[in-house]
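Structure record follows, encoded as structure tokens.
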Amino acid sequence: QPLEIEDSAAVSFRLDGGGVGTLQSGYYLHRGYHTGITIWGTYGRLRFDPISDRLEWSRKGSEVKIETLPKVDAYPALVRAAVESARGFATPVVTGQECLRDLQVVFGAYDSARTGRAVRVDK
């Protein structure tokens with residue numbers, strides 16, 4: 001059966017260097033878009049759409065530049081690298097420490113949502 005469910009989440013964060021940001025993730029029905037990365041900065045914007053392989057960027061006050069990147073399906077390469085690492089023939093794509101850090105950030109976001117309080121994730 002088709003599922004008619006929308007899902008979204010947002011996490012606001014502040015970096016040690018003073019940068020602030022918001023990660024917004026969602027799946028929305030009948031919207032025509034589901035993936036993309038957009039970074040808004042003080043001096044401009046960068047947006048990547050992995051479906052169209054389109055990269056857009058602009059500096060504040062200037063026109064948007066657009067480039068279409070070569071199509072690359074990175075998933076098979078990632079799986080191949082993971083298998084080669086498990087076999088002992090290559091170094092891991094990410095370390096166990098990096099994976100642990102990612103999980104600490106995700107579970108910190110869950111704790112923040114549950115408690116309504118900011119959660120610090122230390123290095």
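Atoms considered below: every heavy atom in the structure, side chains included; atoms not considered: hydrogens, waters and symmetry mates.
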Would you say W40 and L46 make side-chain contact, with heavy atoms under 4.5 Å?
->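 No, side chains not in contact.
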If every non-hydrogen atom of [X] is compared with every non-hydrogen atom of [Y], which pair is closest and at what distance?
| X | Y | result |
| --- | --- | --- |
| R114 | D111 | NH2-OD1, 3.1 Å |
| S52 | T68 | O-CG2, 4.0 Å |
| D49 | R47 | CB-NH1, 3.4 Å |
| V119 | S112 | CG2-N, 3.6 Å |
| R101 | V121 | NH1-CG1, 3.0 Å |
| L55 | F48 | CD1-CB, 4.1 Å |

Under 4.5 Å between side-chain heavy atoms, hopping through other hydrophobics if needed: is there a path connecting L69 to I39?
->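 Per the 4.5 Å side-chain linkage, L69 and I39 are co-clustered.
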Just wondering, more than 12 heavy atoms not from K60 lying within 6.0 Å of its NZ?
->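 At most 12 heavy atoms, drawn from other residues, nucleotides or ligands, come within 6.0 Å of this atom.
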Under the side chain to side chain donor-acceptor pair (under 3.5 Å) test, residues paired with D102 that sit two or more places apart =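 So D102 forms no side chain to side chain donor-acceptor pair (under 3.5 Å) with any residue.
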Of all residues at least two apart in sequence or in a different chain, which pass the side chain to side chain donor-acceptor pair (under 3.5 Å) check with R45?
->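 For R45 the side chain to side chain donor-acceptor pair (under 3.5 Å) partners, ignoring immediate neighbours, are E56.
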Atom pair CZ (R120) and CG (D16), whose distance is rounded to the nearest 0.5 Å =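 The CG atom of D16 is 5.5 Å from CZ of R120, to the nearest 0.5 Å.
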Output the distance between atom CH2 (W57) and atom OG (S62), rounded to the nearest 0.5 Å.
->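 Going from the CH2 atom of W57 to the OG atom of S62 covers 10.5 Å.
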